Structure formats: C-alpha cells, structure tokens
Amino acid sequence: MKLKIFSDGGSRGNPGPSAYGIVVTENGKIIHEHSEFLGVHTNNYAEYRGLIAGISKAIELNADEAEFVMDSQLVIRQMNGEYRVKSPDMLELYTDAKALCSLIPKVKFTNVRRSELLIPRADALLNAEMDRNTGKRA
C-alpha cells in the first residue's frame with residue numbers, strides 16, 4: 001500500500017492552544033482524516049505531533065511506502081537530515097518520528113507551501129479542533 005499523508009500543526013500563540021490535522025490518501029483519494037487538540041504547546045510541537053500521528057496511521061494501515069507532506073520546512077528538513085534538532089523538547093519528538101519511520105519500508109518527506117495539495121484541509125481540521133476545545137475562532 002502506497003500512501004500520501006498530509007499533516008499540519010499549529011498553535012494560537014507560540015506557545016498557545018495547539019492542535020494538528022492529518023489527511024491520509026491512497027491513489028489520490030482521502031481514506032482517513034483525523035485531528036487532535038494538544039493543549040498549550042508551540043507550533044513546532046504541534047507540527048511534529050501531526051507528523052507522528054501520520055506515521056502511526058501509515059503503520060496501522062500496513063503501508064509499504066509513505067510520503068509525508070507538510071508545510072513545515074523546519075520539520076521536513078530535520079527529518080531529511082538537512083538540519084540538526086537543537087531543541088531538547090523537539091529532539092524527543094524527532095527521535096520518536098524517526099523510530100516509527102523505520103517500520104515503513106520506503107519513506108519520503110516533502111515540503112510544500114501551505115496552499116498546495118491537501119495542506120489546507122489538514123489546516124482546517126486542526127483549526128476546527130482548536131475551535132471546539134477553546135471556544136474561540138482564530
């Protein structure tokens with residue numbers, strides 16, 4: 001099974017109320033969507049938690065190949081080994097993401113602009129999650 005997983009994480013304030021959204025596709029069709037409120041955290045924390053949720057779903061679906069698509073240049077470059085992870089808080093999340101990725105035979109990380117592909121759908125999911133949990137709209 002070959003999957004393309006779009007994830008986005010964000011916070012209102014940095015740190016602030018945060019959430020992530022993921023959209024899982026197979027052959028261009030959405031097969032799963034999920035969002036989760038995370039409490040008060042940074043944007044980068046939320047981005048990593050979204051990525052980890054996407055990786056976990058790919059493993060659950062027995063993906064042979066997974067492409068993870070995000071608008072977070074920092075997270076993608078860290079996962080591709082282009083940037084070091086300097087923050088101790090992010091190092092644990094990065095390590096978890098890398099360990100989970102080792103369970104998928106072929107993995108690719110792609111950075112796109114927020115407006116591309118299904119990133120706006122993932123962003124809408126996370127914002128709806130924050131709205132439900134904070135009672136406020138961005």
Side-chain angles (χ1 to χ4, degrees):
M1 174 180 283
K2 182 178 179 180
L3 301 176
K4 187 177 270 194
I5 300 168
F6 301 85
S7 67
D8 195 16
S11 68
R12 294 183 181 156
N14 202 19
S18 63
Y20 69 79
I22 63 170
V23 179
V24 181
T25 65
E26 182 180 22
N27 298 321
K29 293 186 179 194
I30 296 173
I31 62 169
H32 178 77
E33 293 181 328
H34 178 72
S35 59
E36 184 175 328
F37 183 72
L38 301 169
V40 175
H41 292 284
T42 65
N43 284 324
N44 289 337
Y45 178 89
E47 292 280 9
Y48 261 110
R49 286 290 306 273
L51 174 61
I52 289 168
I55 297 166
S56 297
K57 191 63 181 180
I59 292 166
E60 180 185 319
L61 294 171
N62 296 312
D64 300 317
E65 191 173 333
E67 179 179 4
F68 299 95
V69 182
M70 302 176 72
D71 66 359
S72 173
Q73 187 178 70
L74 175 72
V75 172
I76 293 297
R77 289 192 174 176
Q78 287 175 338
M79 293 303 294
N80 282 329
E82 298 170 51
Y83 287 176
R84 282 185 322 129
V85 181
K86 296 177 184 176
S87 165
D89 297 333
M90 294 304 103
L91 186 58
E92 184 177 339
L93 294 169
Y94 166 82
T95 302
D96 289 348
K98 279 297 203 183
L100 288 169
C101 281
S102 71
L103 302 175
I104 303 169
K106 187 174 181 186
V107 174
K108 179 179 179 183
F109 299 97
T110 304
N111 179 238
V112 296
R113 292 187 174 176
R114 178 172 296 213
S115 61
E116 290 185 46
L117 305 169
L118 288 172
I119 295 297
R121 178 69 191 141
D123 183 66
L125 288 168
L126 80 88
N127 276 295
E129 193 68 37
M130 281 195 277
D131 292 347
R132 278 192 295 278
N133 284 277
T134 65
K136 299 180 195 174
R137 291 198 53 83

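Just so you know, these numbers come straight off a predicted model, no measurement behind them.
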Does M1 reach the side chain of N62, with side-chain heavy atoms less than 4.5 Å apart? no

Check D131 with R12, please: is the shortest side-chain N to carboxylate O separation under 4.0 Å? yes

Any heavy-atom pair between the side chains of E129 and L38 that's under 4.5 Å? no

Donor-acceptor under 3.5 Å (K98 side chain, M79 main chain): yes

Report the distance from atom NZ of K2 to atom CD of E67, rounding to the nearest 0.5 Å. 7.5 Å

Joint hydrophobic cluster, V24 plus L51, side-chain heavy atoms closer than 4.5 Å: yes

Can you check whether I76 reaches T110 side chain to side chain, under 4.5 Å on heavy atoms? no

What is the minimum heavy-atom distance between S18 and M130, and which atoms define it? CA-SD, 3.8 Å

Would one find more than 12 heavy atoms of other residues, nucleotides or ligands at under 6.0 Å from atom CD of E92? no

Side chain to side chain, P15 and Y45, heavy atoms closer than 4.5 Å: no

If Ile, Leu, Val, Met, Phe, Trp and Tyr residues are connected whenever their side-chain heavy atoms lie under 4.5 Å apart, and connections chain through other members, are L74 and I55 in the same group? no

Can you list every pair that meets ring-ring contact (aromatic ring centres under 6.0 Å, His included) and has a residue in residues 74-103, with sequence neighbours left out? none

Does some side-chain heavy atom of V75 sit less than 4.5 Å from a side-chain heavy atom of F68? no

Nearest 0.5 angstrom please: H34 NE2 to L125 CG, how far? 9.5 Å

For G10 versus A46, what's the shortest heavy-atom pair and its separation? N-CB, 3.4 Å

With the 4.5 Å side-chain cut-off for hydrophobic clustering, are I5 and L93 part of the same group? yes

Spacing of CG belonging to N80 relative to CG belonging to N111, to within rounding of 0.5 Å: 9.0 Å

Determine whether a donor-acceptor pair (N or O, by modelled atom type, separation under 3.5 Å) exists between the side chain of N14 and the backbone of N43. yes

Is F109 reachable from Y48 through a run of I, L, V, M, F, W or Y residues, each pair having side-chain heavy atoms under 4.5 Å apart? yes

Atom of E26, atom of L3 and distance for their closest heavy-atom approach: CB-CD2, 3.9 Å

Is any side-chain heavy atom of S35 closer than 4.5 Å to a side-chain heavy atom of R132? yes

For the pair D8 (side chain) and I22 (backbone), establish whether a donor and an acceptor sit closer than 3.5 Å, ignoring hydrogens and angles. no

Closest non-hydrogen atom pair, P17 against F37: CB-CE1, 4.0 Å

Are V23 and V112 grouped together when hydrophobic residues (ILVMFWY) are joined by side-chain heavy atoms under 4.5 angstrom apart? yes

First locate atom CG of D71, then atom OG of S7, and finally report the distance between them rounded to the nearest 0.5 Å. 8.5 Å

Any donor-acceptor N or O pair under 3.5 Å, side chains Y20, E47: no

Has T25 got a side-chain atom pairing as donor or acceptor with K4's backbone, closer than 3.5 angstrom? yes

Write down the atom of G21, the atom of A122, and the distance for their closest heavy-atom approach. O-CB, 3.5 Å

Do D89 and T42 touch side chain to side chain, with heavy atoms closer than 4.5 Å? no

Taking atom CG of L103 and atom CD1 of I59, what is their separation to the nearest 0.5 Å? 4.5 Å

